Structure formats: structure tokens, C-alpha cells
Engineer: 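Just dropping this structure here.
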Amino acid sequence: NDLMAIHPYNPLEDPYGLYPHSLRNIDELCASIVRSHRETSQYRVEELQALRWKLFSREEIQAYQNKSVDDMWQHCAIRLTDAVQFVVEFAKHIPGFRMLSQNDQIALLKTGELTFTHDQKCLNSIFYLTFHLFSGSMEVVLVRMSRFFNTENNTVFFDGKFAGAEIFKSLACGDLITAVFDFAHGMCALKLTEQQIALFSALVLINADRPCLEDRSRVQRAQKSVELGLMHILHRDNQENLMHKLYQRMAVLRSLCSLHMEKLRWFSQRYPLTAHSLFPPLYKELFS
Ligand code: CLR
């Protein structure tokens with residue numbers, strides 16, 4: 001167990017009073033969350049660092065800005081769906097998550113109930129599925145976004161190059177984009193390690209306050225263990241003060257997601273799409 005090897009546990013400073021057996025479990029839990037994060041994070045941080053010089057040209061930016069609103073929404077939705085799939089894969093390999101019922105797994109991956117009429121569900125199922133069903137995992141995508149973000153020039157890795165907020169102009173939701181970029185900026189300021197990001201992502205996902213849970217107490221137990229894991233890692237890194245800041249970030253995430261939902265409702269009323277044939281298979285693929 002590499003975590004144990006690098007940072008031997010000292011029972012004399014047992015911060016949680018869990019010694020002897022539970023701490024082994026926490027170490028194992030952390031190790032598998034970190035492994036799962038590493039395997040599903042698409043790019044390593046060093047790879048992203050090396051790509052930072054790749055920026056969109058003026059012409060390329062203009063081409064994105066000249067896209068129609070629904071073209072650009074669809075384009076982003078496809079990118080986001082892709083990212084969400086990796087988050088679902090990440091979730092599936094978290095020990096506490098795997099043990100939950102399928103209903104609760106889905107309930108954790110989505111957030112809040114966005115009310116759609118039947119017709120909207122059919123017309124907008126690309127959005128219905130990407131956002132309604134998977135928006136709990138959207139929070140994790142936003143956490144992950146900080147790895148793909150360059151604070152020096154406020155750009156994010158999107159479509160193979162680094163892009164500033166102006167590239168999303170045709171989405172016509174500048175306030176949401178600004179809020180998303182601010183969030184990424186704030187996350188970067190915490191300078192989290194990959195292990196801390198992994199544990200924080202798991203904590204964002206396994207949240208016993210989500211609506212529609214069948215076995216809330218089981219989710220609570222899973223949440224507690226991930227929380228202990230995160231505290232353990234922060235303690236080991238001598239950064240306990242981060243815990244408080246991370247809880248603040250979680251609150252910001254919640255508000256971002258409701259802003260996102262609002263935009264989506266607005267968008268689905270204005271630009272009904274007919275791309276519904278595309279996404280039901282994705283749903284089956286993710287959860288069968
Ligand atoms: C996040 C981390 C993932 C890879 C990834 C894929 C798509 C990116 C996303 C990251 C960050 C946010 C992103 C998104 C595509 C569009 C979206 C750049 C890097 C922007 C913010 C536009 C969102 C618009 C809707 C919310 C309306 O592993």
C-alpha cells in the first residue's frame with residue numbers, strides 16, 4: 001500500500017481514535033479513490049502543463065462566437081457528456097459507491113429535480129439526460145475543471161486547445177460562464193494535490209443530502225468514510241485548514257448548479273432540440 005509506505009501512520013497521534021483496524025480501511029479507501037481518479041482523469045497534470053502553449057487563434061475564436069446558440073449548446077453538451085462519463089466511471093470504482101443500490105447511485109450522480117413536461121423530455125432529451133440525470137456528476141466535472149485551467153491567462157482546455165471565457169459567447173449565458181471560470185480560479189488557488197482532488201471529488205459526489213435517496217443512512221456511512229479519508233490526507237499533508245475552505249467550495253458548487261439549472265430551463269424553452277435519438281443509448285451504456 002503506497003500511502004502507508006510513504007507516510008507511515010503514527011498511532012501515538014491517532015487523530016480519529018480509530019486505531020488499529022479502521023485506519024487501515026481508510027488508507028485502503030483513499031488509495032482506491034486516488035487510483036480511480038488517476039485512471040479516469042483523461043489527462044495527467046504534467047500533460048496539461050505541456051499543452052498550455054496551445055491557444056486558439058483569433059479566427060478560431062471568432063468561428064466559435066459565430067456559431068448559433070443551439071449549435072454551441074449542443075457542442076458543449078457533447079463535451080460535457082463525455083466528461084460526465086469519466087466521472088461515472090470514477091464513481092463506479094469508489095468502494096462505498098459500488099455498494100449502494102442502483103437507485104441511490106443514480107440519485108447521487110444527478111442533483112435536484114428539474115421539472116420537465118413529457119414533451120420537453122422527448123424534445124430535449126439531450127439536455128434532459130446530460131443535465132437532469134447527471135448534474136450531480138456535473139459538480140465533479142467542475143471540480144475537475146480546475147486541473148484543466150490555466151490561471152495565468154484564465155483559459156480552460158476545451159476542444160484540444162486552451163480557451164478563454166469569450167469563446168463561449170454564443171451560449172448567451174455570460175454570467176454562468178463567468179461563475180464557472182471564477183470557481184475554477186478559486187479551486188486553483190487552493191493548490192490541491194491530485195490525491196486531495198480525488199478525495200474532494202468523491203466527497204462532492206457521495207453526499208447524503210441529495211434528494212430521492214432510498215437508503216440514506218448507508219450513503220451517510222459512505223460519506224463519513226470519505227470525509228475521514230479526506231481529513232486523513234489533509235492531516236498527513238499538514239493542511240487541516242483546507243477542510244474548511246473545501247466545505248466553502250462545496251457550497252459555491254451547489255449554487256453554481258442551480259444557476260446552471262435555471263439556464264437550462266431557459267434554454268430548453270427557447271431552443272427545443274430534436275436530438276433525442278442520440279442519448280437514451282448512453283444511459284443504458286452507463287448503467288447496464
Ligand atoms: C472539465 C474536466 C473534464 C474535461 C472537460 C471537458 C469539457 C469542458 C470541461 C472539462 C470544463 C467546462 C467546459 C467543458 C466544455 C464546456 C464547458 C469548458 C475541461 C464550459 C464552461 C461551457 C459550459 C456551458 C454550459 C454549462 C451551458 O475532465
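As the structure is a prediction and not an experimental result, all values here were calculated from the model. Atoms within each ligand, like the ligands themselves, are counted from 1 in listed order.
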Engineer: Might you work through the ring-ring contact (aromatic ring centres under 6.0 Å, His included) test for Tyr64 and Phe158, ending with a clear yes or no?
Structural biologist: CA-CA 12 Å; Tyr64 280 103; Phe158 166 76; 5.8 Å; yes
Engineer: Check Phe181 against ligand 1 and report side chain, backbone, both or neither, counting heavy atoms closer than 4.0 Å.
Structural biologist: neither
Engineer: I need the atoms of ligand 1 closer than 4.0 Å to a non-hydrogen atom of Phe157, numbered in the order shown.
Structural biologist: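 Going through ligand 1 atom by atom, the ones under 4.0 Å from Phe157 are 19 (C).
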Engineer: Check whether any heavy atom of Phe168 sits under 4.0 Å from an atom of ligand 1.
Structural biologist: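 In this structure, Phe168 qualifies as a contact of ligand 1 - some heavy atom is under 4.0 Å.
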Engineer: Number the atoms of ligand 1 from 1 as they appear, then name those within less than 4.0 Å of a heavy atom of Gln42, with their elements.
Structural biologist: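 Under 4.0 Å from Gln42, ligand 1 has these atoms: 3 (C), 4 (C), 28 (O).
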Engineer: Answer side chain, backbone, both or neither: which part of Ile177 comes under 4.0 Å from ligand 1, heavy atoms only.
Structural biologist: side chain
Engineer: Under the side chain to side chain donor-acceptor pair (under 3.5 Å) rule, what do Ser101 and Asn103 come out as? Steps first, then yes or no, please.
Structural biologist: CA-CA 5 Å; Ser101 68; Asn103 173 82; 4.8 Å; no
Engineer: Below 4.0 Å, non-hydrogen atoms only: which portion of Arg147 touches ligand 1? Side chain, backbone, both or neither.
Structural biologist: neither
Engineer: If you count the atoms of ligand 1 from 1 in the order shown, which ones are under 4.0 Å from a heavy atom of Leu176?
Structural biologist: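 That gives atoms 26 (C) of ligand 1.
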Engineer: Between the side chain of Asp104 and the main-chain N/O of Leu213, is any donor-acceptor distance below 3.5 Å?
Structural biologist: no
Engineer: May I ask you to check whether over 12 heavy atoms, not counting those of Lys67, lie within 6.0 Å of atom NZ?
Structural biologist: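 Yes - once you tally the heavy atoms of other residues, nucleotides and ligands closer than 6.0 Å, there are more than 12.
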Engineer: Which of the numbered atoms in ligand 1 are below 4.0 angstrom from a heavy atom of Leu171?
Structural biologist: 24 (C)
Engineer: Under a 3.5 Å distance rule, please check whether Gln105 uses its side chain to pair with a backbone N or O of Leu100 as donor and acceptor.
Structural biologist: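 Yes: the side chain of Gln105 pairs with the backbone of Leu100.
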Engineer: Using a strict cut-off of 4.0 Å, indicate which atoms of ligand 1 neighbour a heavy atom of Leu80.
Structural biologist: 14 (C)
Engineer: Hydrophobic clustering (ILVMFWY, side-chain heavy atoms < 4.5 Å, transitive) - are Met99 and Ile26 grouped together?
Structural biologist: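 No; Met99 is not reachable from Ile26 via cluster members.
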Engineer: Is the side chain of Ser41 donor-acceptor paired with the backbone N or O of His37 at a distance under 3.5 Å, no angle test?
Structural biologist: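 Indeed, once roles are kept as given, a pair shorter than 3.5 Å links the two residues.
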